[in-house]
Amino acid sequence: MTKKNMRAKYFKIAVVVLALLMASGNVVLTKRIVRAQGPDLAGMDKSVDPGDDFFDYANGGWLKATQIPADRPSYGVFDAIAEKVNERTADLIKGAGKSANDPEARKIGDYYDAFMDENAIESKGLTPIKPELEEINRIASKSALAEVLGSELRADVDPLNSTNFYTDRLFGIWISPDFNNPTHNVAYLLQGGLGLPDRDNYLSAEKTDVELQGKYREHITTVLKLAQVSDPDAKAARIYDLERMIATAHASRTDSADVHKADNPWQLKDFPAKAPGLDWASYFKAAGLSNQPMIIVWQPGGVTGISALVEKQPLDVWKQYLTFHVIDRASGLLLKPFATERFKFYGTTVNGIPQQSERWKRAVNNTSAALGDAVGKLYVKRYFPAEAKEKIQAMVKNIIAAFGRRIDNLTWMSPATRAKAKAKLDTLYVGVGYPEHWRDYSGLKVMRDDPLGNDERSSLFDYQWSLSKLSRPVDKTEWWMTPQTVNAVNLPIQNGLNFPAAILNPPFFDPAADAVQNYGSIGATIGHEISHSFDDQGSQFDAHGRLLNWWTPQDAEHFRAAADRLAAEFDAYEPLPSVHVNGKLTLSENIADVAGLSVAYDAYRSAYGGKPSPDAQGFTADQRFFLAYAQSWRSKTRPEFLRVLLTTDGHAPDQYRADTVRNIDAWYQAFSIRSGGKLYLAPQDRVRVW
Ligand SMILES: [Zn+2]
């Protein structure tokens with residue numbers, strides 16, 4: 001679980017590159033990529049042997065014809081759908097501002113308008129961040145420092161559902177059912193505090209990282225200079241050194257993904273002894289968490305190390321560090337030179353994106369993020385008819401049944417484990433399209449002339465809403481994605497899945513396409529998400545969402561052996577010179593891909609009830625199924641961004657995800673794949689997890 005997101009997130013998406021999702025693409029290209037009725041023949045490259053490179057065979061024509069738009073780090077099917085969804089969302093948001101009678105619509109309109117009003121932003125200068133900077137300036141003791149740090153805590157991480165481990169605040173919080181006692185909600189505390197994406201960016205001696213380190217130091221200096229902070233060079237050096245020490249304390253990305261290493265319930269009263277340094281009483285009071293008896297500490301080493309640094313490092317250095325991050329975080333909504341510098345560093349240097357997307361697109365995205373359910377309500381009303389929901393629900397039912405048959409037929413699984421697996425499948429919540437209940441935004445203040453304030457109030461509103469869950473019963477049907485998000489997610493503790501309306505668009509899902517096409521694309525995704533409930537990490541959570549290994553040791557051993565082979569298969573891929581895919585980091589996702597594809601294949605065959613499924617466009621039904629799958633992964637990525645993803649993303653690059661067809665017997669038959677091809681695996685080497 002964990003990394004259930006099908007799609008990687010842009011690093012710092014919330015602040016920096018939100019807009020990328022919406023950037024403009026070539027309209028003709030978009031139309032072609034979104035066509036859906038069958039395989040995109042023009043996008044293929046039939047000169048490639050499918051057994052050598054199936055991704056290229058299915059997508060070579062498209063890859064040659066496509067350029068990544070200048071304002072994006074990558075481009076592919078997800079982006080094309082996102083463009084379409086965002087055009088729709090943009091219309092809804094702009095239209096909402098005109099309906100003055102509806103307070104929620106009014107908020108949507110005001111949020112958007114405020115973001116767009118660049119003249120107002122210019123005329124205000126640095127006034128919007130003055131109160132925060134003055135507050136930092138007034139800090140006169142380590143206790144006062146702890147209060148400010150506590151007041152900055154936000155619900156901006158999510159280690160299990162969306163596998164987002166990153167926050168540039170010192171720590172991040174996630175509120176979710178307690179994985180030791182899922183009948184109530186609890187706070188999980190995660191390490192944070194870095195400006196660069198990962199601790200390895202600070203600690204690695206590789207050339208690209210060393211360059212990045214230098215450029216980050218320059219970025220800190222530039223930001224301080226722009227804000228007319230005195231002695232910027234010396235301060236930037238100290239800020240960087242502090243971050244490097246924080247990075248040294250951090251747990252690695254791979255360790256962070258290990259949920260057993262995260263099972264550290266600490267009594268609140270024990271924090272000072274377990275992680276001395278930070279004045280925890282002041283910190284938790286300011287964060288509104290003092291009344292919690294216990295918090296689960298995700299990375300105890302990271303939290304302990306950071307807390308010790310609060311004590312050891314001089315107060316002045318901490319104040320400089322906080323000053324920089326307040327300005328840096330706000331830069332996107334400050335004066336133009338700040339916004340430009342922010343994009344230049346986080347957009348171009350870190351992610352390789354040459355050009356920032358247009359402002360209105362960023363405004364739409366920010367509004368859609370801040371008022372997610374309010375915008376989502378408008379989206380589904382207009383674009384997600386009841387019949388689409390019914391069709392998907394029928395597919396889900398069919399795929400769950402296929403998964404159940406696979407579990408029944410597993411020869412290696414013990415009866416005890418099998419029974420528990422079936423129980424988990426029976427209680428799975430599958431949310432399709434939109435949440436069962438909508439969020440209420442009446443408590444969020446949105447001002448027409450205060451874009452930065454809107455942004456900050458929105459993240460505070462979100463934090464307080466998250467905290468309020470601590471005193472409410474667990475809602476097993478709670479959604480973690482908005483309906484207008486082109487993605488899907490598995491929620492391990494809730495034993496649930498979300499398939500937002502926005503991903504249920506062509507070519508993933510087209511009500512007009514035949515079953516072969518739909519099962520090969522969205523069907524494999526549905527299977528992928530379901531299988532996360534049963535993969536290396538899903539097997540750690542029982543039907544109730546409790547962190548409990550419900551597999552017998554023998555079952556687990558069999559699974560591990562298959563997983564090890566899959567990890568080795570992916571370790572061998574080398575997307576950049578001497579940079580390999582990390583088979584261990586991407587293991588859960590790769591298992592989910594194999595399982596999802598297998599089960600979608602079964603479900604598509606059963607959808608025809610034993611009758612022959614139709615050939616079309618010169619391909620057999622099985623060929624179309626696998627082509628639909630490989631074409632649903634079509635994308636191109638800039639090398640800089642690819643490098644970030646290879647370090648931080650739990651997903652393998654899309655081309656290798658498409659090539660996982662090499663683990664499925666039916667693919668060999670469908671395309672008459674013989675030994676000797678680059679993707680060929682002997683039958684005993686194909687990884688069969690389910
Ligand atoms: Zn996944």
Side-chain angles (χ1 to χ4, degrees), residues 1-14 16-18 20-21 55 68 72-79 82 156-167 172 190 194 196-201 204 206 208-209 212 250-259 346-347 350-353 481 485-490 525 528-529 532 535-537 566-567 569-571 573-576 579-593 596 632-660:
M1 5 239 93
T2 17
K3 3 180 163 167
K4 310 6 203 130
N5 275 0
M6 292 188 33
R7 185 62 177 167
K9 273 176 295 288
Y10 298 116
F11 166 61
K12 286 207 169 181
I13 185 168
V16 191
V17 260
L18 252 176
L20 302 175
L21 287 171
F55 178 77
I68 302 171
R72 287 168 182 269
S74 61
Y75 189 78
V77 170
F78 277 84
D79 309 276
D156 54 2
V157 289
D158 174 351
L160 272 181
N161 298 333
S162 64
T163 53
N164 170 21
F165 294 94
Y166 179 82
T167 174
L190 274 74
L194 303 180
L196 291 174
D198 191 81
R199 69 160 199 175
D200 288 355
N201 297 123
S204 157
E206 275 184 40
T208 45
D209 284 312
L212 189 59
H250 264 215
S252 72
R253 176 66 177 75
T254 312
D255 279 349
S256 296
D258 182 342
V259 72
Y346 295 109
V350 177
N351 288 317
I353 309 156
M481 277 181 178
T485 305
V486 185
N487 210 333
V489 66
N490 179 302
T525 303
H528 171 114
E529 296 302 337
H532 273 313
D535 64 12
D536 56 331
Q537 299 218 43
L566 196 60
E569 191 178 307
F570 277 79
D571 276 337
Y573 292 130
E574 189 180 349
L576 294 168
V579 185
H580 285 250
V581 174
N582 182 340
K584 189 159 184 249
L585 176 65
T586 58
L587 183 60
S588 291
E589 293 305 320
N590 297 331
I591 291 172
D593 283 343
S632 75
W633 287 116
R634 66 171 42 163
S635 73
K636 290 179 98 160
T637 304
R638 295 184 191 281
E640 295 88 344
F641 186 51
L642 184 56
R643 197 175 283 276
V644 171
L645 294 180
L646 286 165
T647 314
T648 59
D649 188 11
H651 306 77
D654 294 343
Q655 82 184 83
Y656 308 117
R657 300 185 70 177
D659 284 343
T660 210

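We're numbering straight along the sequence, starting at 1.
- Taking each heavy atom of Trp633 and Phe55 in turn, the nearest pair found is O-CE1, 3.4 Å.
- Arg253 places a side-chain N or O within 3.5 Å of a backbone atom of Thr648 that can act as its donor or acceptor partner.
- Atoms NZ and OG, on Lys636 and Ser74 in that order, are 12.0 Å from each other to the nearest 0.5 Å.
- Residues Thr167 and Leu190 fail the side-chain proximity criterion, which asks for heavy atoms closer than 4.5 Å.
- The shortest side-chain heavy-atom distance between Thr637 and Pro653 does not fall under the 4.5 Å cut-off.
- A donor-acceptor pair under 3.5 Å is formed between the side chain of Tyr166 and the backbone N or O of Leu194.
- The salt bridge (charged side-chain N to carboxylate O under 4.0 Å, His left out) check on Asp156 picks up Arg169, with sequence neighbours excluded.
- Across all their heavy atoms, Leu585 and Asp649 have their closest contact at CD2-O, 3.3 Å.
- Looking at residues two or more places apart in sequence or on another chain, you find a salt bridge (charged side-chain N to carboxylate O under 4.0 Å, His left out) between Asp255 and Lys261.
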Practice task
Take Asp200 and Asp209 through the side-chain contact (heavy atoms from CB on, under 4.5 Å) test and state the conclusion after the steps.
Solution key: CA-CA 8 Å; Asp200 288 355; Asp209 284 312; 5.6 Å; no

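- Of the possible donor and acceptor atoms, one in the side chain of Asn490 sits under 3.5 Å from a partner among the backbone N and O of Glu529.
- Contact of the Val581 side chain with the Leu646 side chain is registered, since non-hydrogen atoms from C-beta on lie closer than 4.5 Å.
- One finds the OH atom of Tyr75 at 13.0 Å from the CZ atom of Arg638 (value rounded to the nearest 0.5 Å).
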Problem - Stepwise side-chain contact (heavy atoms from CB on, under 4.5 Å) test for Phe165 and Asp198 - result: CA-CA 9 Å; Phe165 294 94; Asp198 191 81; over 6 Å; no

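- At least one side-chain heavy atom of Val579 sits under 4.5 Å from a side-chain heavy atom of Arg643.
- Ser252 is listed as a side-chain neighbour of Arg199, based on a closest heavy-atom distance under 4.5 Å.
- Heavy atoms only, all atoms of each residue included: Asp593 and Arg657 are closest at OD2-NE, 2.8 Å.
- When each of Leu645, Asn351, Val350 is tested with Pro197 by the rule side-chain contact (heavy atoms from CB on, under 4.5 Å), just one qualifies, namely Val350.
- In this structure, a donor-acceptor pair under 3.5 Å is present between the side chains of Ser635 and Asp654.
- A side-chain contact (heavy atoms from CB on, under 4.5 Å) with Phe570 is found for one member of Asp659, Thr660, Leu587 and no other, namely Thr660.
- Looking at every heavy atom in both residues, Asn161 comes nearest to Val489 through O-CG2, 3.1 Å.
- For the atom pair OG1 (Thr254) and NZ (Lys584), the distance works out to 6.0 Å, reported to the nearest 0.5 Å.
- Remark: Asn201 CG to Glu206 CD distance equals 10.5 Å, nearest 0.5 Å.
- Closest approach of Asp571 and His580 over heavy atoms only: O-ND1, 2.8 Å.
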Exercise for the section: Give the C-alpha distance, both sets of side-chain angles, the deciding distance and a yes or no for side-chain hydrogen bond (donor to acceptor under 3.5 Å, both in side chains) between Thr586 and Asn590. Expected result: CA-CA 6 Å; Thr586 58; Asn590 297 331; 2.9 Å; yes

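- Taking both residues in full, the closest heavy atoms of Val486 and Ala82 are given as CG2-CA, 3.8 Å, listed atom of the first, atom of the second, then distance.
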